2 protein chains.
Amino acid sequence: MSLPHALLGLLAVRPRSGYELTKAFERDLGRYAWQAGHTSIYPELNRLAGAGLAEVTHEGPRGARTYAVTPAGRAELRTWLLTPPKQAKVRNEQVLRMFLLSALDPADALVVLRRIAESTDQGVTELRKIREEHAAAPVTGAEGFGQLAAEYGLRQYEAVRGWAHWAIERLEREQGADGAAENP
Amino acid sequence: MSLPHALLGLLAVRPRSGYELTKAFERDLGRYAWQAGHTSIYPELNRLAGAGLAEVTHEGPRGARTYAVTPAGRAELRTWLLTPPKQAKVRNEQVLRMFLLSALDPADALVVLRRIAESTDQGVTELRKIREEHAAAPVTGAEGFGQLAAEYGLRQYEAVRGWAHWAIERLEREQGADGAAENP
DNA sequence: TAATTCATGTAAATCGTTACATGATTAT
DNA sequence: ATAATCATGTAACGATTTACATGAATTA
């Protein structure tokens, strides 16, 4: 159960409302690391506040409440980050699909792989552009957050992209070899 | 909910018992793609059999039942693999930890990063060895499964490893710059 | 003023994990 | 004989998702 720590981590960067946290999950965190919807986030914020790990620091229009992490929350987050479990829980549907790809015949597998190659080509291009734009920015605490994470996301994309192209080439060579087997 | 498809995919490679499937999740699938314990696997196998997507083909000692995927199950798996959702579900505690790393002060972050670097160095070495050992093997259907997945796992490890070393160097340079700021 | 976005919540249903439970076979 | 491993299950609890619900503020 990592949701509370994900929330504490985001609040440690800067205070936010539940609504803003929800959007952070949709954009960055949820794409690579941990997804959660507002229906888990709001109750969890209440629990964190009840436990003294977060607190409401500001109330805005439309009942918006800005939460900040407390010193106790910061300590909890630090402990959690410094004591990782041996085997972390992994559940990634995209990766699962890649692992099961060989259950398809090569023609079908190629369709899927080409789609992956295309979308990761695009993803790499986008993320590289974003990185170049922010390359000049200072590297202090809160901003460092985005940069470490962005670099991680980019390298992840590049790895999948490289793998997809490698797999395509491999499958194509195999198919080519089948077709050309009769004439040496 | 991808568990049924994960099971169909494994059974598509070759028929197995629930016990063997459980171990496959512990070893390969669960490390990178999708974790599941026997308490989800056994009931799910019964559901798949009830739905005609899998069937018991053999009964061994100790009540062991070997399941195989049916033609309907193969069709279901194919459909699932060929129609991916826009946004797949991701939940990876390890990656979450990396995303939240910048919430720590640089000294603590370096501790965690060095641990990651060490364990991925090791992982890359291990997986490379395994790959070399199997490099000579033929690349037909069922074995291809392992090879695509193994390559994916290796590249994933290498990406994390590269990122960790990059982040360490960056943080060390930052700290070094702080310390040397007084004497130009 | 109508539509959109902001902003928060609850309830029911589904899904997953942990703990509990049992017994057969094989290895020491 | 004893321990380890094989092999399957159920029940209770906790976490997550989906559907439902509401209203304030902003934009067109």
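Remember, it's a predicted structure, so these values are computed and weren't measured experimentally. Reminder, nothing fancy here: chain letters follow the sequence lines and each chain counts from 1.
- When heavy atoms are screened at a 4.0 angstrom cut-off, B/Gln35 is found touching the sugar-phosphate backbone but no base atom.
- Judged by distance alone, the side chain of B/Thr70 and the main-chain N or O of B/Leu53 form a donor-acceptor pair under 3.5 Å.
- In this structure, CZ of B/Phe25 is placed 15 Å from C1' of C/dT17, rounded to the nearest angstrom.
- Regarding B/Tyr19, its OH atom lies at a distance of 12 Å from the C1' atom of C/dT26, rounded to whole Å.
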How does each nucleotide of nucleotides 20-28 of chain D score, in 5' to 3' order, for protein heavy atoms under 4.0 Å: base (B), sugar-phosphate only (S), or none (-)?
----BS---

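- To the nearest angstrom, P of D/dT10 lies 14 Å from CD of B/Glu44.
- Judged by a 6.0 Å distance limit and a 45° cone about the ring axis, B/Arg97 is not positioned over the six-membered ring of A/Trp34.
- Contact between the side-chain N/O atoms of A/Arg91 and the OP1/OP2 oxygens of C/dT17 is found at a separation under 4.0 Å.
- Atom CG of A/Leu3 is separated from atom P of D/dT16 by 6 Å (rounded to the nearest Å).
- Nucleotide D/dG9 holds its C1' atom 11 Å from the OH atom of B/Tyr67, rounded to whole Å.
- Both B/Pro43 and A/Ser40 lie near DNA chain D, and the one whose nearest nucleotide falls closer to the 5' end is B/Pro43.
- Nearest heavy-atom pair, A/Ala117 versus A/Ile168, reported as atom, atom and distance to 0.1 Å: CB-CD1, 3.8 Å.
- Side chains of A/Thr79 and A/Glu76: a donor-acceptor N/O pair is absent below 3.5 angstrom, by distance only.
- Taking atom CE of residue A/Met1 and atom C1' of nucleotide C/dG16, one finds them 14 Å apart after rounding to whole Å.
- When distances are taken from the side chain of A/Tyr42 to each of C/dT8, D/dT10, D/dG9, the shortest belongs to C/dT8.
- Taking atom CD1 of B/Ile41 as the reference point, atom C1' of C/dC15 lies 15 Å away to the nearest angstrom.
- The side chain of B/Lys89 sits closest to D/dT18 out of D/dT18, D/dA7, C/dG16.
- B/Arg65 has a side-chain polar atom (N or O) that falls below the 4.0 Å cut-off from OP1 or OP2 of D/dG9.
- In this structure, the CG atom of B/Leu7 is 14 Å from the C1' atom of C/dC15, given to the nearest Å.
- Within a 6.0 Å sphere centred on CD of B/Glu169, other residues, nucleotides and ligands contribute 12 heavy atoms or fewer.
- Distance check: A/Ile41 CD1 to A/Leu3 CG gives 6.5 Å after rounding to the nearest 0.5 Å.
- No hydrogens or angles considered: nothing links the side chains of A/Ser119 and A/Gln122 as a donor-acceptor pair under 3.5 Å.
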